[in-house]
2 protein chains.
Amino acid sequence: MITVSILEDHAQYRNLLVRAIENNENFAIKGVYATVEEALLKIHIDKPDIALVDIKLNTQSGIEFVNQAKPSLSLTQFLMCTSYQNDENVFNALKAGASGYILKGSSMEEIHSAITELYEGGAPMSPYIAKRVIGLLNGKQSNQHTFGLSERELEVLSLLSKGLLYKEISVQLSISPNTVKNHCKNIYKRLHVQNKVEALNKFNHYGMTSSS
Amino acid sequence: MITVSILEDHAQYRNLLVRAIENNENFAIKGVYATVEEALLKIHIDKPDIALVDIKLNTQSGIEFVNQAKPSLSLTQFLMCTSYQNDENVFNALKAGASGYILKGSSMEEIHSAITELYEGGAPMSPYIAKRVIGLLNGKQSNQHTFGLSERELEVLSLLSKGLLYKEISVQLSISPNTVKNHCKNIYKRLHVQNKVEALNKFNHYGMTSSS
DNA sequence: TCTTGTGTAGTACTTTTGGGCTATTGTACG
DNA sequence: CGTACAATAGCCCAAAAGTACTACACAAGA
């Protein structure tokens, strides 16, 4: 069962999406939001597998939403809705952390398969967008150099890099905030730095995009 | 007319590809190579629009070839041939500068459309590969997008990104630590974030941390 | 067996951050 | 001339981060 939340301000299309999801027994609606504010509040509780987000909302951009929601929702994947196949914004959404998109004219079957594809590790997109993504990729590298950091420490560092607080990390890892603090302390010692930003800088020098 | 060169060591499949290309009046064969060495010598003269390269050659990897040939062939695009849809090597080839791939089992029509798609600016690939490419992309750079930030705020952000404390920044800029704090608050407001790391993440998503 | 490293958790403390204010310049724009 | 905004600077306060320790359990290795 794949749980889905929807952020769409246009009531008609929102209902259409809801029906499209409910129509299939493999999917379940986890939350329906009409505004970014509402979505930001509720999505952390709903924790859907997939968030279906309109790219062009009245008040704010869906990209903004992804930017804000993504850091603390590591398990949720974002699927954008757009009217135009090759919208510049689709590309920006992918950079913000979305993993694919569907077109507003899509049939129910197309929506279903896009969600399933995403859930199973794919990323539905047009060749045109794919090309631009590759363009960005070229000229980059991603090594793997973990210094002497332990598994757990890398995990903490990865969460730190998302801007989470100690206590937020402690919740994610189900350990005490004190332990998180301890890990940080040890990380700083090993990297010879004094704070989060320095640690992340040093570490990111050596790649790690931490697939996750 | 799209010109195509082929690098494939297996004679049978090489001939099949040649026929597939010659079969369509929109394409023309520019060169056919059986080894990486031969290809490296001749492709600089042939300068095809598209180079069709087998990923798994007997002696060397097609990826190596792309790595070596690409720098001096800015107008040529590389299309890999692979046996397996989700070959790890496809991903590496994309990182090396290839723009897409075709499967060895592909029909003539599929080959034609992949080449055309590539020539017209697309990048044929599976959703699975696309997802991995996006994965690498996230957390990386490119554009110039300063949000509404002022010159001074960008300056502060740039120093923040080095891991400096408020008071260290205040010394650098010869202003009061309180003013630095104020700038930070304003930056956070504009980026809709709550702390340094989030701000830097958000900003770096959209490129540039102020070159330096 | 003893030591080392890791993950866990705690106490106590200081410094740094971040949020909410107000306020004064100076400059740009209508 | 007024309005808006950027840059400056201060205040207060609470939360978060960072430092310095101790402590225990467990696993791997000398």
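Letters A, B, ... mirror the listed sequences (proteins, then strands); counts begin at 1.
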_Categorize A:Thr179 for me: base, sugar-phosphate, or nothing, with a 4.0 angstrom heavy-atom threshold over every strand shown._
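Since a base atom lies under 4.0 Å of A:Thr179, the category is base.
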
*Of the non-hydrogen atoms in A:Glu168 and A:Gly163, which two are nearest, and what is the gap between them?*
OE1-O, 4.4 Å

*Quick one: closest heavy-atom pair of A:Val53 and A:Gly62, and the distance?*
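A:Val53 and A:Gly62 have their closest heavy atoms at CG1-CA, 3.8 Å.
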
Atom-to-atom span, [atom1] of [X] to [atom2] of [N] - whole angstrom:
X	N	atom1	atom2	answer
B:Ile187	C:dG19	CD1	C1'	15 Å
A:Arg190	C:dT4	CZ	C1'	12 Å
A:Arg152	D:dC26	CZ	C1'	15 Å
B:Lys189	D:dC5	NZ	P	13 Å
A:Asn186	C:dG5	CG	P	12 Å
A:Glu153	C:dG5	CD	C1'	10 Å
A:Glu198	D:dT19	CD	C1'	15 Å
A:Lys185	C:dT6	NZ	P	16 Å

Do any N or O atoms of the protein come closer than 3.5 Å to N or O atoms of nucleotides 23-25 of chain D, and which pairs are they?
none

By side-chain hydrogen bond (donor to acceptor under 3.5 Å, both in side chains), which residues pair with [X], not counting sequence neighbours?
X	result
B:Asp9	B:Asn58
A:Asp54	A:Lys104
A:Tyr33	A:Ser5, A:Asp46
A:Glu38	A:Lys42

*asked:* Going by the rule side-chain contact (heavy atoms from CB on, under 4.5 Å), which residues pair with A:Glu110 if we only count those two or more places apart in sequence or in a different chain?
replied: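 Residues passing side-chain contact (heavy atoms from CB on, under 4.5 Å) with A:Glu110: A:Ser106, A:Ser107.
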
*With sequence neighbours excluded, tell me which residues meet side-chain contact (heavy atoms from CB on, under 4.5 Å) with A:Asn182.*
none

_For A:Tyr101, does the six-membered ring have the charged nitrogen or CZ of A:Lys56 within the cation-pi criterion, i.e. under 6.0 angstrom from the centroid and within 45° of the normal?_
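No - A:Lys56 does not lie over the ring of A:Tyr101 by the 6.0 Å and 45° rule.
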
Atom pairs under 3.5 Å: protein N/O with N/O of nucleotides 26-29 of chain C:
none

*Show your reasoning for whether salt bridge (charged side-chain N to carboxylate O under 4.0 Å, His left out) applies to A:Glu153 and A:Arg190.*
CA-CA 11 Å; A:Glu153 286 165 350; A:Arg190 189 149 287 140; 3.7 Å; yes

Check the interface with nucleotides 15-17 of chain D: list each N/O to N/O pair with the protein under 3.5 Å, or write none.
from, atom 1, to, atom 2, distance (Å)
D:dA16, OP1, A:Lys167, NZ, 3.4
D:dA16, OP2, A:Lys167, NZ, 2.8
D:dA17, OP1, A:Lys196, NZ, 2.3
D:dA17, OP2, A:Tyr166, N, 2.9

*Would you mind telling me which residue lines up with the more 5' stretch of DNA chain C, A:His183 or A:Asn178, judged by nearest nucleotide?*
A:His183

*ring-ring contact (aromatic ring centres under 6.0 Å, His included) involving A:Phe27 - partner list, sequence neighbours excluded*: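 Counting only residues at least two positions away or on another chain, A:Phe27 forms a ring-ring contact (aromatic ring centres under 6.0 Å, His included) with A:His112.
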
*Does a side-chain N-to-carboxylate-O contact under 4.0 Å join A:Glu22 and A:Arg19?*
no

Report, one line per pair, each donor and acceptor closer than 3.5 Å where one atom sits in a side chain of residues 173-180 of chain B; sequence neighbours left out.
from, atom 1, to, atom 2, distance (Å)
B:Ser176, OG, B:Asn178, N, 2.9

*Enter the inter-axis angle for the ends of the helix from C:dT1-D:dA30 to C:dG30-D:dC1 (five pairs per end, rounded to 10°).*
50°

*With DNA chain D as reference, determine whether B:Ile175 or A:Cys184 sits nearer its 5' end, using the nearest nucleotide of each.*
B:Ile175

*If only atom types and distance count, is the side chain of A:Thr82 paired as donor or acceptor with the main-chain N or O of A:Ile55 below 3.5 Å?*
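Not at all, since once roles are kept as given, no pair shorter than 3.5 Å links the two residues.
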
